[in-house]
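Note on naming: letters A, B, ... go to the chains in the order of the sequence lines (proteins, then strands), and numbering restarts at 1 for each one.
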Amino acid sequence: MAFAVHNSLTRTKEPFRSLEPGVVRMYNCGPTVYSRPHVGNYRAFLFADTLRRWLEYSGFRVEQVMNITDVGHLTDDADDGEDKLEKQARKEKLDPWAISRKIAAQFFADLDALGVRKAKVYPKASEHIPEMLEIIDGLIAKGHAYVVGGDVYFDVKSFPRYGRLSGNRVEDLAAGARIAVREEKHNPEDFALWKSDPAHVMKWATRFGPNGFPGWHIECSAMARKHLGDRIDIHTGGEDNIFPHHECEIAQSEGFTGVPFATYWMHAKFLQVDGGKMSKSLGNVYSLDDVQAKGFSARALRFALIRGHYRQPLNFTWDIMRESTSALEGLDDMVVRLRRALHGEGASPSADDGLESFADVKAEFEAAMDDDLNTPRALAALFKLRTHVLEGRLGISAAAVALQFVERRANSVLGCIQTEAATIDAEIETLIEQRQAARKAKDFKESDRIRDELLARGIVLEDGQSGVTWKRK
RNA sequence: GGCGGCAUAGCCAAGCGGUAAGGCGACGGAUUGCAAAUCCGUUAUUCCCCGGUUCGAUCCCGGGUGCCGCCUCCA
């Protein structure tokens, strides 16, 4: 078994090897907490979560850090650029700190609902100013950065590898730049490490002046270093982060430490909605609340967002949510049937029947995940197992092994299959019995009435040859 | 204008040089008191278009077209 990942840095699939055997240090670019997280955000975070889960499945201990950016994001790079948080704060008539706390809380609640495993730490930019300043000072000392007034800029020309991640050439950037060239920068492509602006609400006094705040990219360099060290194994983010954010992080971190920053850079493709881009003006920027208000569960959303490969475009529509819900039910149902097969119900006569085909399924599942987290293929393997189960091809022993695999292993990676046995209370049980009695008496009007009543309570009845079974809708 | 990615059935979505996985939906049949679930069958002679390389291309190359992302602190 060998895990291979697509490395944005080399644009190729490479065998995964951690710096330290058995341990993976991973940094995920998290949200900027100025507005409600949406399905597009979830895709990127679910990708990171799936990666972490697969690494853990593979036996690694994962040191995972996801940052919370709560300061310093300008809406543009010009002089009158306004901090996104502060802009939102003005709109809502709250102070920016309140906004960031509110959104961060929503973000954590969403992650929880989506079944995302918790990172070791979720560092906040605002709480790592000293760490950022340490790097900034170091970069100035090494000639990678220069001070102009109360601002500090990174000198891109001092870092020849700048552009390697994104494929951008510095000359092209300068030529096509839409940002206004700022006079005090040595070169247009230089980026800010520290800025000063008295109008800024979130600001810190430093040797660069009383009204300073950090540039966007420096926070990640500082927090990754503080919580994971100078060198990390994996750095993830949305594809939009490749440039300029990650490109700049590399320049800062490596310029400062002198050693390679992240071995692997992995980026999730943007989620499309209705086949196109997601935008506020189109009204298709959905949050978890919107999805749930339409009657879909968080785990169905999780399924919908991980069923496509993370580097392929993935579409989101309400039809797709319906489809995902149905497909997931099939997987839930497989677990129920496997559990029944343990008692011989729907099982193949010989206990070991189906062990080989199960082994094939497991091998395919693992091979697919090892191949750069190919979740669609892994899911296909699971659906193949479902077919085997429905056809009654698994004996009791095979069913036990398969159930254990689905519950403990496959779902430890997917995190959305309903594996807990559902229970019903005595009242429901009585109703089911009453319906059976009515059916026996051929009082179908009454039996259908009870069936409808149960359906209204979320219980679906299935009349089989060996009696009735129920499941939750 | 520069850089990168994608285009596969009604809808999603794998495959990426050897003759099209899987899911959802739809239709026909079986089963059922009726349903639901399940089972059987049908649903891409073909992978955006045009050239080329090859014994052979969805997969490689060139050119179009369309969509997505970055170059604007949006995952």
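Nearest-nucleotide mapping onto RNA chain B: of A:Leu314 and A:Ala268, the residue sitting toward the 5' end is A:Leu314. Where A:Gly40 and A:Tyr310 meet RNA chain B, the nucleotide closest to each residue was compared, and A:Tyr310 sits on the side nearer the 5' end.
Counting non-hydrogen atoms under 4.0 angstrom, A:His309 reaches the backbone sugars and phosphates but no base. Contact annotation for A:Asn41: base contact, defined as any heavy-atom pair under 4.0 Å involving a base atom. As judged by a 4.0 angstrom heavy-atom cut-off over every strand, A:Leu271 is placed among the base-contacting residues. Using a 4.0 Å heavy-atom criterion, one finds that A:Asp333 contacts no nucleic acid atom at all. Backbone-only contact: A:Gln312 has heavy atoms under 4.0 Å from sugar-phosphate atoms and none from a base. Base engagement by A:Ser447 is indicated by at least one non-hydrogen atom pair under 4.0 Å involving a base atom.
For the ring pair (Phe, Tyr, Trp, His ring centres under 6.0 Å) criterion with A:Phe45, the lone passing option out of A:Tyr310, A:Phe107, A:Phe108 is A:Phe107. Of the options A:Asp443, A:Asp463, A:Asp448, a side-chain hydrogen bond (donor to acceptor under 3.5 Å, both in side chains) to A:Arg435 is made by A:Asp463 and by none of the others. When the options A:Glu239, A:His235, A:His246 are evaluated for a side-chain hydrogen bond (donor to acceptor under 3.5 Å, both in side chains) with A:His267, the one that passes is A:His246.
Of the charged side-chain nitrogens involved, at least one lies within less than 4.0 Å of a carboxylate oxygen, so that A:Glu462 and A:Lys471 count as a salt-bridged pair.
Taking atom CZ on A:Phe365 and atom C1' on B:A21, their separation rounds to 16 Å, with Å as the unit. Going from atom CD of A:Glu323 over to atom C1' of B:G25 covers 8 Å, rounded to whole Å. Atom CG of A:Leu331 is separated from atom P of B:G22 by 15 Å (rounded to the nearest Å). Here B:G69 presents its P atom at 19 Å from CZ of A:Arg11, a figure rounded to the nearest Å. Between the P atom of B:A75 and the CZ atom of A:Arg43 lies a distance of 15 Å, rounded to the nearest Å. Computed from coordinates, the A:Lys473 NZ to B:A35 C1' distance equals 14 Å when rounded to whole Å.
Considering only side-chain atoms of A:His38, the nucleotide from B:C34, B:C68, B:A75 that sits closest is B:A75. Set against B:C24, B:G69, B:U38, the side chain of A:Asp240 has B:G69 as its closest nucleotide. Taking every side-chain heavy atom of A:Phe243 into account, B:C71 is the closest of B:G15, B:C71, B:G33. Side chain of A:Met278, nearest nucleotide from B:C73, B:A75, B:A14: B:A75. In the set B:C39, B:A13, B:C6, B:C39 carries the atom at the smallest distance from any side-chain atom of A:Leu390. Checking B:A37, B:C68, B:G15 against the side-chain heavy atoms of A:Lys471 singles out B:A37 as nearest.
A stacking contact between A:Phe383 and B:G23 is absent: the pair does not combine a ring-centre distance of less than 5.5 Å to the base's six-membered ring with planes differing by less than 30°.
The closest side-chain donor-acceptor pair between A:Asn315 and A:Thr317, if any, does not fall under 3.5 angstrom. Defined by atom type and a distance below 3.5 Å, a donor-acceptor pair is missing between the side-chain atoms of A:Tyr153 and A:Asn187. Side-chain contact check for A:Glu247 and A:Asn168: no donor-acceptor pair (N or O, by modelled atom type) lies under 3.5 Å.
Separating the C1' atom of B:G69 from that of B:U38 is a span of 44 Å, rounded to the nearest Å. Between B:C47 and B:U19, the two C1' atoms lie 12 Å apart (nearest whole Å). Look at the C1' atom in both B:A21 and B:C73: the space between them is 42 Å, to the nearest Å. For the C1' atoms, the distance linking B:C40 with B:G4 amounts to 48 Å, nearest Å.
Sorted by residue number, the members of residues 449-460 of chain A with any non-hydrogen atom under 4.0 Å from RNA chain B read A:Arg451, A:Val460.
In terms of heavy-atom proximity, A:Arg53 sits nearest to A:Gly415 at NH1-CA, 3.6 Å. Residues A:Cys29 and A:Asn241 approach most closely at CB-OD1, 3.7 Å, considering heavy atoms.
Of the side-chain N and O atoms in A:Thr69, none sit less than 4.0 angstrom from OP1 or OP2 of B:C73. Checking the phosphate oxygens (OP1, OP2) of B:C6, no side-chain nitrogen or oxygen of A:Lys269 falls inside 4.0 Å. Under 4.0 angstrom from either OP1 or OP2 of B:U38 there lies no side-chain N or O belonging to A:Arg340.
Counting distance only, with no hydrogens placed and no angle test, the side-chain atoms of A:Asn315 and the base atoms of B:A13 include no donor-acceptor pair under 3.5 Å. No hydrogens or angles were tested; on distance alone, nothing pairs the side chain of A:Arg322 with the base of B:G25 as donor and acceptor under 3.5 Å. Evaluation of atom-type donor-acceptor distances gives no pair under 3.5 Å for the side chain of A:Asn168 against the base of B:G4.
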- For RNA chain B, the dot-bracket notation using Watson-Crick and G-U wobble pairs below 3.5 Å, [ ] for pseudoknot-type crossings and | for other-strand pairs, is (((((((..(((.....[...)))((((((.......))))))....(((((..]....))))))))))))....
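Judged purely by atom type and a 3.5 angstrom limit, A:Asn211 has no side-chain atom pairing as donor or acceptor with the backbone of A:Ser196. Side-chain N or O atoms of A:Asp70 include one that pairs as donor or acceptor with a backbone N or O of A:Ser126 at under 3.5 Å.
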- Show your reasoning for whether side-chain hydrogen bond (donor to acceptor under 3.5 Å, both in side chains) applies to A:Ser348 and A:Asp353. CA-CA 6 Å; A:Ser348 186; A:Asp353 280 350; 2.5 Å; yes
